A.B. asks: 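Before we start, here is the structure in question, set down as C-alpha cells.
We name chains A, B, ... by the order of the sequence lines, and we start the count at 1 in each one. The structure displayed is predicted, hence computed values, not measured ones. Quick note: numbers below take in every heavy atom, side chains included, and nothing from hydrogens, waters or symmetry partners.
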There are 2 protein chains.
Amino acid sequence: MEEPQVKLVKTLARHRLSNTAARTTVFTALLEHGPVTLAELIRYCEASIDRASVYRTTALFESIGVVQRLQIGWKYRLELSDDFQHHHHHLHCLSCGTVTAMPEDPALENRLKAAAKAKGFLPQDHQVEIRGLCANCQAA
Amino acid sequence: MEEPQVKLVKTLARHRLSNTAARTTVFTALLEHGPVTLAELIRYCEASIDRASVYRTTALFESIGVVQRLQIGWKYRLELSDDFQHHHHHLHCLSCGTVTAMPEDPALENRLKAAAKAKGFLPQDHQVEIRGLCANCQAA
DNA sequence: ATACAAATTGCGACAAATTTGCAATTTAAG
DNA sequence: CTTAAATTGCAAATTTGTCGCAATTTGTAT
C-alpha cells in the first residue's frame, strides 16, 4: 500500500480537483485522530483553516469516497474510508463513550454479503456498530 | 409478548423513573410512526409537549434502551429498540432511498457477538446498515 | 518563469438544530 | 392529603451547518 498522502493526491487528480493546503490539513487530521466528530475536526484544523472550509472539505471527501460517516451515538463521526485504512467495524462503549475498531473478521463479512444477496440486494458498503461495555468499564 | 405500553411502564419503574404523560406521548408516536427523524417526532408531539422535552425524553429512552438510533443516509432516525419490536437490520438503497428490513440471521448474530467478546467487550446491542442497490434499482 | 482562467478559500451573516437554567408543575410514596 | 423529588415548559444561549461573494491559490499552457 502506498503512502496515504500520495494516494490522496492521486484521488484528487482523478477527480480533477486541486491539491490544496486545506485538503491536506483535513486529511492529516483524520489520519492522526481516529473517528472524530466534526466539532473535533474543526478544532484540530482551525489554526490554519476556516470552519466553513472544513465542512466543504469533508463533504467533498465524502463525495469522492475519501471519508465515510459513522453514526455513533448522538452525533456522527468521520473517518477515512476503507481505501485509506483497513476495513473495520466499531465497538462503542456506552459508559465511557470511546469508540474502538474491531479486527476484521472474514466470516462476518461473508455473512453480511450473503444476507444482502438473499434479498436480491446488491451490497456496496456497510457499517456495523456494536454497543456495550468495554473491558475497562466492566471492571468499574 | 405483553402490551408495549405496559412494558414501557415496567421499564421506567425498573430504572426508578416516573411514568409521565410526556413519555407516553413520545413512546406512542414512535410506536405508530416507524423510524422517524427528531424533527418529525417533534412535529408529532408538539401539540402536547415542548421541543426540549422531546429531546430529553428521547435521550433518556436511548440511555435505558427503549429507543435506538439508526443511521439512514445523513440524518439519524429513531425507532423503538429490539425489546419493543423484532430485532432486524437495514438495507438502504442508495438509488431510491428506501430502507427495508433484513431477515434475522442467527449465524450473523453469532459472529457479531463473538467478534465483540474477542476484544473483551460486553455487547448489549448492535446495529447494521448495508448500503447498495435494491432489486428494483438494479434493473433500472 | 509568467500569465490567465478556473477552482478554492475566508469571512461574515444567516438558519436550523440542540442544550441549558430555572421556576412552575406533576409524580411517587407514605 | 402532604411532601420531597422528579419532570416539564419556557426562553435564552450555544452549537451546527449553509450561503454568497470578494480575495487568494492552483493547474495549465505558454
Side-chain angles (χ1 to χ4, degrees), chain A residues 5-6 8-30 33 35-64 66-79 97, chain B residues 5-30 35-64 66-78:
Chain A
Q5 314 278 359
V6 175
L8 172 65
V9 175
K10 288 189 180 172
T11 305
L12 287 170
R14 182 152 23 88
H15 290 271
R16 280 148 233 257
L17 294 165
S18 303
N19 174 27
T20 69
R23 287 169 189 168
T24 307
T25 302
V26 170
F27 184 81
T28 304
L30 285 167
H33 315 277
V36 291
T37 61
L38 210 4
E40 288 164 353
L41 187 55
I42 288 171
R43 226 170 299 129
Y44 290 129
C45 298
E46 72 190 347
S48 58
I49 62 185
D50 188 74
R51 224 155 48 83
S53 294
V54 179
Y55 278 102
R56 287 189 278 229
T57 302
T58 52
L60 180 90
F61 277 1
E62 197 184 20
S63 77
I64 61 175
V66 171
V67 312
Q68 68 181 122
R69 248 171 217 246
L70 308 174
Q71 187 72 46
I72 283 182
W74 198 250
K75 316 224 150 137
Y76 66 74
R77 286 166 181 264
L78 300 166
E79 70 174 2
Chain B
Q5 313 278 0
V6 174
K7 190 158 192 190
L8 171 65
V9 175
K10 288 188 181 174
T11 305
L12 287 170
R14 181 152 24 86
H15 289 270
R16 278 148 234 255
L17 294 165
S18 304
N19 174 27
T20 69
R23 286 168 188 169
T24 307
T25 302
V26 170
F27 183 82
T28 304
L30 285 166
V36 291
T37 62
L38 209 5
E40 288 164 354
L41 188 55
I42 288 171
R43 225 170 299 126
Y44 289 129
C45 298
E46 73 189 346
S48 58
I49 62 184
D50 188 74
R51 231 173 45 252
S53 295
V54 178
Y55 277 102
R56 287 191 277 229
T57 302
T58 52
L60 180 89
F61 277 2
E62 198 186 18
S63 77
I64 61 173
V66 171
V67 313
Q68 70 181 117
R69 257 157 221 272
L70 303 178
Q71 142 131 16
I72 289 182
W74 272 35
K75 314 216 155 153
Y76 65 74
R77 285 168 179 263
L78 299 167

A.B. asks: Take the protein atom CG of A:Leu17 and the nucleotide atom C1' of D:dT25, then report the distance between them rounded to whole Å.
C.D. replies: 15 Å
A.B. asks: Closer than 4.0 Å, any side-chain N/O of A:Ser53 to the OP1 or OP2 of C:dG10?
C.D. replies: yes
A.B. asks: In whole angstrom, give the distance that lies between atom CD of B:Glu62 and atom P of C:dT19.
C.D. replies: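 Nearest whole value for this atom pair: 11 Å.
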A.B. asks: Tell me: CG of A:Leu12 to P of D:dT25, nearest whole Å?
C.D. replies: 19 Å
A.B. asks: For the side chain of B:Arg56, starting at C-beta, report the closest nucleotide among D:dG17, D:dT8, C:dT18.
C.D. replies: D:dT8
A.B. asks: By the 4.0 Å heavy-atom rule, please label B:Arg51 as base, sugar-phosphate, or nothing.
C.D. replies: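 If one applies the 4.0 Å heavy-atom cut-off, B:Arg51 turns out to touch a base.
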A.B. asks: Is any side-chain heavy atom of A:Leu38 closer than 4.5 Å to a side-chain heavy atom of A:Leu41?
C.D. replies: yes
A.B. asks: Write down the distance between CZ (A:Arg43) and P (D:dT16), rounded to a whole number of angstrom.
C.D. replies: 8 Å
A.B. asks: Please classify the nucleic acid contact of A:Arg23 as base, sugar-phosphate, or nothing, using heavy-atom distances under 4.0 Å.
C.D. replies: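 Touches sugar-phosphate only.
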A.B. asks: Between D:dG17 atom P and A:Glu40 atom CD, what is the distance in whole Å?
C.D. replies: 12 Å
A.B. asks: Considering all heavy atoms of both residues, which atom of B:Pro35 and which atom of B:Arg77 are nearest to each other, and what is their separation?
C.D. replies: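 Heavy atoms of B:Pro35 and B:Arg77 come nearest at O-NH1, 3.1 Å.
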A.B. asks: If only side-chain N and O atoms of A:Thr20 are considered, is one of them under 4.0 Å from the OP1 or OP2 phosphate oxygen of C:dT9?
C.D. replies: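 The answer is yes; a side-chain N or O of A:Thr20 sits under 4.0 Å from OP1 or OP2.
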A.B. asks: How is A:Ala22 classified with respect to the nucleic acid when contacts are heavy atoms under 4.0 Å: base, sugar-phosphate, or nothing?
C.D. replies: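 Sugar-phosphate: the residue A:Ala22, judged by heavy atoms under 4.0 Å, touches backbone atoms but no base.
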A.B. asks: Rounded to the Å, how far apart are A:Leu60 CG and D:dT18 P?
C.D. replies: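 It works out to 14 Å between those atoms.
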A.B. asks: Examine D:dT8: is either OP1 or OP2 under 4.0 Å from a nitrogen or oxygen in the side chain of B:Tyr55? Give yes or no.
C.D. replies: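 It does not, given that no N or O in the side chain of B:Tyr55 lies less than 4.0 Å from OP1 or OP2 of D:dT8.
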A.B. asks: Quick one: does B:Arg23's side chain have a donor or acceptor within less than 3.5 Å of a partner on B:Ser18's backbone?
C.D. replies: yes
A.B. asks: Treating B:Thr57 as the side-chain partner and B:Val54 as the backbone partner, does any N or O pair qualify as donor plus acceptor under 3.5 Å?
C.D. replies: no
A.B. asks: Figure out the CG/C1' separation between B:Leu38 and C:dT18, and round it to whole Å.
C.D. replies: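 Nearest whole value for this atom pair: 9 Å.
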A.B. asks: Using a cut-off of 4.0 Å on non-hydrogen atoms, how would the nucleic acid contact of B:Thr25 be classed: base, sugar-phosphate, or nothing?
C.D. replies: nothing
A.B. asks: What does A:Ser48 touch in the nucleic acid at a heavy-atom separation under 4.0 angstrom: a base, only the sugar-phosphate, or nothing?
C.D. replies: sugar-phosphate
A.B. asks: What does A:Ala39 touch in the nucleic acid at a heavy-atom separation under 4.0 angstrom: a base, only the sugar-phosphate, or nothing?
C.D. replies: sugar-phosphate
A.B. asks: When the nearest nucleotide of DNA chain C is assigned to A:Ala21 and to B:Asp50 on a heavy-atom basis, which residue is associated with the more 5' position?
C.D. replies: A:Ala21
A.B. asks: Would you indicate whether the side-chain heavy atoms of B:Gln5 and B:Val9 approach each other to under 4.5 Å?
C.D. replies: no
